[in-house]
Number of protein chains: 2
Amino acid sequence: MNNLLSIFKALSDKNRIRILLMLSKKKLCVCEIQDILGVTVSTVSKHLSILRDIGFIADEKEGKWVNYSLNTASKDIVLNQIILILPFYLNDDELIQSDFEKVNTVCRKDLCNV
Amino acid sequence: MNNLLSIFKALSDKNRIRILLMLSKKKLCVCEIQDILGVTVSTVSKHLSILRDIGFIADEKEGKWVNYSLNTASKDIVLNQIILILPFYLNDDELIQSDFEKVNTVCRKDLCNV
DNA sequence: GTATAATTTCGCTAAGTAACGAAATGAGAT
DNA sequence: ATCTCATTTCGTTACTTAGCGAAATTATAC
């Protein structure tokens, strides 16, 4: 029950939903997600830790960066179903479409090393 | 997006999950649900209004009482999927099993008219 | 080894929400 | 028509949580 509640609580935030859908398109690092969401790095990091703890996403080091990716191989029924359903539900959403465009053009090297 | 968020927020509460699963077994009135959950009537009423507004449940008058029932015919993809998945996920949950037993024995006439 | 840069953690504030009791509502029963 | 009783709404309190900036951490690159 508590596990299930954690899943729904994790999904009760607009920015976390946006992150999940971004990651369904492409692996991203924290600073790229920050750029797209328009919130501070610490806030993004907090959201990512919530999504990671549940098993929605996975992280992996690549040079200086940590790449986050969607975990499509979860054994959890609810997690799997949610990840399948989300795109059908939100592909037409204006904000999500705008996020998708940014995902394609975002460049971590421009964002950092200022 | 906001619709989806409302759905997940509605599901982010233990008592609302319990209510949904109770109603999957039997139609219940507010005072019966109150007895099983062990919270005040006003709290139950608030939970029910949240679930009703989204379309998870429906209400219907019967004499003095309002019967609440699970809306299994929702056109919403997420709502439908959630209602299908919840039992698989929680049938083994201790609290839910205890709720199910109480659902079978609860009697609204004993609860009211004290 | 030290410097650099991305990420995480910490302390705080503001907004949101579950719970309660009391008052208001509304429909059935007399 | 009035009374009764289930239910809803209102006002309040306590708790949770998203967001921020600063400090701490971690690991790469020189």
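Each chain gets a letter, A, B and so on, in the order its sequence line appears, and its residues count up from 1. A quick note: this is a predicted structure, and the numbers were derived from the prediction, not measured.
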Is it the case that B:N67 and B:E62 place a side-chain donor and acceptor less than 3.5 Å from each other?
yes
Just checking, any donor-acceptor pair under 3.5 angstrom between side chains of A:S42 and A:S45?
no
Would you say that A:N71 contacts A:F56 through its side chain, given a criterion of any heavy-atom pair below 4.5 Å between the two side chains?
no
Which of the following nucleotides, D:dT7, D:dC5, C:dA19, is nearest to the side chain of B:K64?
D:dC5
Is any side-chain nitrogen or oxygen of B:Y68 closer than 4.0 Å to OP1 or OP2 of D:dA6?
no
Among the clusters formed by ILVMFWY side chains lying less than 4.5 Å apart, do A:V41 and A:L51 turn up in the same one?
yes
What residues in residues 28-38 of chain B put a non-hydrogen atom under 4.0 Å from any atom of DNA chain D?
B:C29, B:V30, B:C31
Length of the CG-C1' vector between A:L11 and D:dA18, whole Å:
16 Å
Side chains of A:L70 and A:L21: closer than 4.5 Å at any heavy-atom pair?
no
Please report, rounded to the nearest Å, how far the P atom of C:dG28 is from the CH2 atom of B:W65.
12 Å
Rounded interatomic separation in angstrom, taking CG from B:D13 and P from C:dG16:
18 Å
Could you pull out the closest heavy-atom pair between A:I85 and B:Q81, with the gap in Å?
CD1-CG, 3.2 Å
Let me spell it out: for each of A:K9 and A:E62, pick the nucleotide of DNA chain D with the closest heavy atom. Which residue's pick is nearer the 5' end?
A:K9
In this structure, how many angstroms lie between the C1' atom of C:dA6 and the CG atom of A:D59, rounded?
13 Å
Under 4.5 Å between side-chain heavy atoms, counting indirect links through other Ile/Leu/Val/Met/Phe/Trp/Tyr residues: same cluster for B:L84 and A:L84 or not?
no
Provide, to the nearest angstrom, the distance between the CD1 atom belonging to A:I17 and the P atom belonging to D:dA18.
12 Å
Which pairs with one or both residues in residues 48-58 of chain B pass salt bridge (charged side-chain N to carboxylate O under 4.0 Å, His left out), sequence neighbours excluded?
B:R52-B:D59
Which whole-number value in Å describes the distance from A:E60 CD to C:dT7 C1'?
16 Å
Tell me which residues in residues 40-57 of chain B lie within less than 4.0 Å of DNA chain D, going by non-hydrogen atoms.
B:V41, B:S42, B:S45, B:R52
If you draw the axis of the six-membered ring of A:Y68, does the NZ or CZ of A:K27 fall within 45° of it and under 6.0 Å from the ring centre?
no
